[in-house]
Protein chains: 4
Amino acid sequence: MTNRKEEIISATAGLIHGKGYESTRLSDILSEANIGKGQFYHYFSSKRDLGISVVDHFVETWQRDLIQNILQTDDYARSKLDKMLSWAIQYHESQANMHGCPFGNLALEMSEHDEVFREKVNKLLHDWIESLENVVENLVDDEPLKHAQSIVAQLEGGILLMKNYQDISILKNIADTIRIHYLQK
Amino acid sequence: MTNRKEEIISATAGLIHGKGYESTRLSDILSEANIGKGQFYHYFSSKRDLGISVVDHFVETWQRDLIQNILQTDDYARSKLDKMLSWAIQYHESQANMHGCPFGNLALEMSEHDEVFREKVNKLLHDWIESLENVVENLVDDEPLKHAQSIVAQLEGGILLMKNYQDISILKNIADTIRIHYLQK
Amino acid sequence: MTNRKEEIISATAGLIHGKGYESTRLSDILSEANIGKGQFYHYFSSKRDLGISVVDHFVETWQRDLIQNILQTDDYARSKLDKMLSWAIQYHESQANMHGCPFGNLALEMSEHDEVFREKVNKLLHDWIESLENVVENLVDDEPLKHAQSIVAQLEGGILLMKNYQDISILKNIADTIRIHYLQK
Amino acid sequence: MTNRKEEIISATAGLIHGKGYESTRLSDILSEANIGKGQFYHYFSSKRDLGISVVDHFVETWQRDLIQNILQTDDYARSKLDKMLSWAIQYHESQANMHGCPFGNLALEMSEHDEVFREKVNKLLHDWIESLENVVENLVDDEPLKHAQSIVAQLEGGILLMKNYQDISILKNIADTIRIHYLQK
DNA sequence: AATGAATGAGCATTCATTCAT
DNA sequence: TATGAATGAATGCTCATTCAT
């Protein structure tokens, strides 16, 4: 049953988000998903194969929750940007430990090691920026792409700082600064 | 002579910058520094001991090149911010591969694994933001700390995007956006 | 099947008896048991884990062969003491090299290094002395505990001398002396 | 100066008594004796060379303190045996931790590994038993050698038990039993 | 007589993957 | 489908000894 495969992917997604891809051992996955080695290799050909499925899983979630359900709705641009910022903060507030952004983490860990990981992360970041560009062009006069890049960079950089400070307030400050710049007038 | 120790640190700094701390194997260090195992453990008590020395090495370099020689000079605030952005771009342009920011990389890799690494990275990020706050308060009317955080976040996030895109132009875009916002008037 | 685990324990028991715990290298165990490293760590979490299993194995054997089957039977006290001495001599005579008493060896090697080893050895020695005390109280008028301690000490000391002399006759002399003292009248 | 060599031997004697020969690392010796590697290899050709000197040192001490100054004096036999027992107890009482008998420890650790160590320990044990035989022949009617062996075995076995119990009272019990047997009449 | 840098074989352990059942 | 025994290269580290100065 494919449910089992999905369960393994979900269980591993949490591990990879928290510890990174390399530091997530097969044994961690096995005990987290409560399966044996044979079953693992029945569903996946290698740890990397699972890793790629996990990235796909993250991508699907963000495509749906962030891009489709927030950035590509019929809402007002101001509202969409505001919702995106709230969504980001709530995402990190809901975690017991501040693991950071799964894509930011994977971007830094895997970009130079594995081209397939890099491209999948790249695609998501690109889609995010592109969708945000369409939102932002209603809010600025010039070069909406650069504004979208700047906003995403601020968020990813803010999450990086937040993770290192282990303090969510820095991400909230960043969100405030973005709101003041683009929404307050 | 202590030169040998410095050589090992320098050689390892490049490896850790490029591959991360965990993925840098002792065997990589040994062949990069052209030494044997015994010699390594003569100078360092463990891989982690060396890792900490490497972080200290990065911190010293940035404290000198970025904070002292750019942000804390007698220069005009506008000039300091401009030089910082140019320095960042030149730093990444000079590398064969885009390894990203050593501190950003370590922040994401080590924050949740090793408190000593986290604190050292944290101290540098904090000093950077603080020095930048003093610069920025001459350029904005309100809450210079948040502006400094926002600028550092944009740079770190921009470097993260750059590394994943393997394209430096995105970092240049971010620098442009910062210049337009703070310097152009 | 758990047989494999037992095989490893048995093979290692001989090595530890002959060379001591520390001097028994994992590589010795691996080639003696004819297994690979991975297999070893499949059955045991560490060398120490195996070491403890080996001590348990020795304890079980002695509890059965010496304490239950000799000292705690319904036999006459004189007969029990006599059988114990014969058992001890035969134990060391049956070995190609005189490795000494596994518990005496471990007592001296491990007492100050590892509390778990010490306690396990301690328990066996204590049970031995206690069972012997019950035997001896039928043979002496005063303080059977001290007599039991004295007999065990003579045997352990005699085995120590035997091992250093590499000559079993000294142990036989000790057994004679004990027989003359407690059995001849 | 030869004083330096003696200092190294003395410092190492304590280490080997406490930790055994194998577990005493060259680095332990170096820091205990406060010397560098070069100096060590100036005085000794190897760790084993030092180890043999340490055994010689122990042998000399016991030859003097036990055999000459107690067993081979003009004292009464009863007094000599009594003094020997008191000397043994005081020897172990004066130590912070109960390291056991240096010769018993070395006998078990080295007998099967190194013939030179074995022979040196053997010689001392033999001399001890021989001297004690001469004492004991005044106290018993038959086979004084076996009595001397029995007494030494009881002491060595008692020290072994004492070390494993980490309780000196068991050695005192053994000494009592020997006194009652040979001295009380 | 002395220093400590350098060597390298050896150590216990980890881990993704394969294979027999 | 599923189990977990088996593999073996690789990892970080130890340690007695040698060597250049």
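In the text below, chain A, chain B and the rest are named by the order of the sequence lines, each starting its count at 1.
Between A:R4 and the phosphate of F:dA2, there is no side-chain N or O to OP1/OP2 separation shorter than 4.0 Å. Remark: A:Q39 is not in phosphate contact with F:dT1, judged by side-chain N or O atoms under 4.0 Å from OP1 or OP2. Note on A:Y41: a side-chain N or O is less than 4.0 Å away from OP1 or OP2 of E:dT17. Note on B:S27: a side-chain N or O is less than 4.0 Å away from OP1 or OP2 of F:dT11.
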Fill in the blank from the handout: Symbol by symbol from the 5' end, with Watson-Crick or G-U pairs under 3.5 Å, [ ] crossing and | another strand, DNA chain F is .||||||||||||||||||||
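Checked by atom type, the side-chain pair D:R4/D:Q39 shows a donor-acceptor distance below 3.5 Å.
Counting only residues at least two apart or on different chains, the salt bridge (charged side-chain N to carboxylate O under 4.0 Å, His left out) pairs with a member in residues 19-34 of chain B are B:K19-B:D28.
Proximity of C:R118 to C:E112: side-chain heavy atoms (C-beta onward) are nowhere separated by under 4.5 Å. In this structure, A:V59 and A:K123 have side chains that are not in contact, with every pair of non-hydrogen atoms separated by 4.5 Å or more. With a 4.5 Å cut-off on side-chain heavy atoms, A:D49 and A:S46 count as touching.
Distance, A:H42 NE2 to E:dT18 C1': 16 Å, rounded to whole Å. In this structure, C:N3 places its CG atom 16 Å from C1' of F:dG4, rounding to the nearest Å. Atoms CG (C:D49) and P (E:dT13) sit 10 Å apart, rounded to a whole Å. Taking atom CD1 of A:I29 as the reference point, atom P of E:dT17 lies 10 Å away to the nearest angstrom. Distance, B:Y21 OH to F:dT11 P: 14 Å, rounded to whole Å. Rounding to whole angstrom units, NZ of residue B:K5 and P of E:dG4 are separated by 14 Å. Rounded to whole angstrom, the span from the CZ atom of D:F44 across to the C1' atom of E:dA2 amounts to 15 Å. Look at CG on C:L26: it is 16 Å from C1' on F:dG12, rounded to the nearest Å.
If you check every strand for non-hydrogen atoms under 4.0 Å, C:K47 touches sugar and phosphate atoms only. Within the 4.0 angstrom heavy-atom criterion, only backbone atoms of the sugar-phosphate kind lie near D:G36; the bases stay farther away. As judged by a 4.0 angstrom heavy-atom cut-off over every strand, C:F40 is placed among residues making no nucleic acid contact.
Counting atom types as modelled, A:K37 pairs no side-chain N or O with a base atom of E:dT18 as donor and acceptor under 3.5 Å.
Between D:G38 and A:R25, the one whose closest nucleotide on DNA chain E sits nearer the 5' end is D:G38. Each of D:E22 and B:T24 was matched to the nucleotide of DNA chain F holding its nearest heavy atom; the match closer to the 5' end belongs to B:T24.
For the pair C:K5 and C:F44, the cation-pi test (distance below 6.0 Å, angle within 45°) is passed. Figure legend: cation-pi geometry between C:K47 and C:Y21, with NZ or CZ positioned under 6.0 Å from the six-membered ring centre and within 45° of its axis.
Taking CG of D:L124 as the reference point, atom CD of D:Q63 lies at 6.0 Å (rounded to 0.5 Å).
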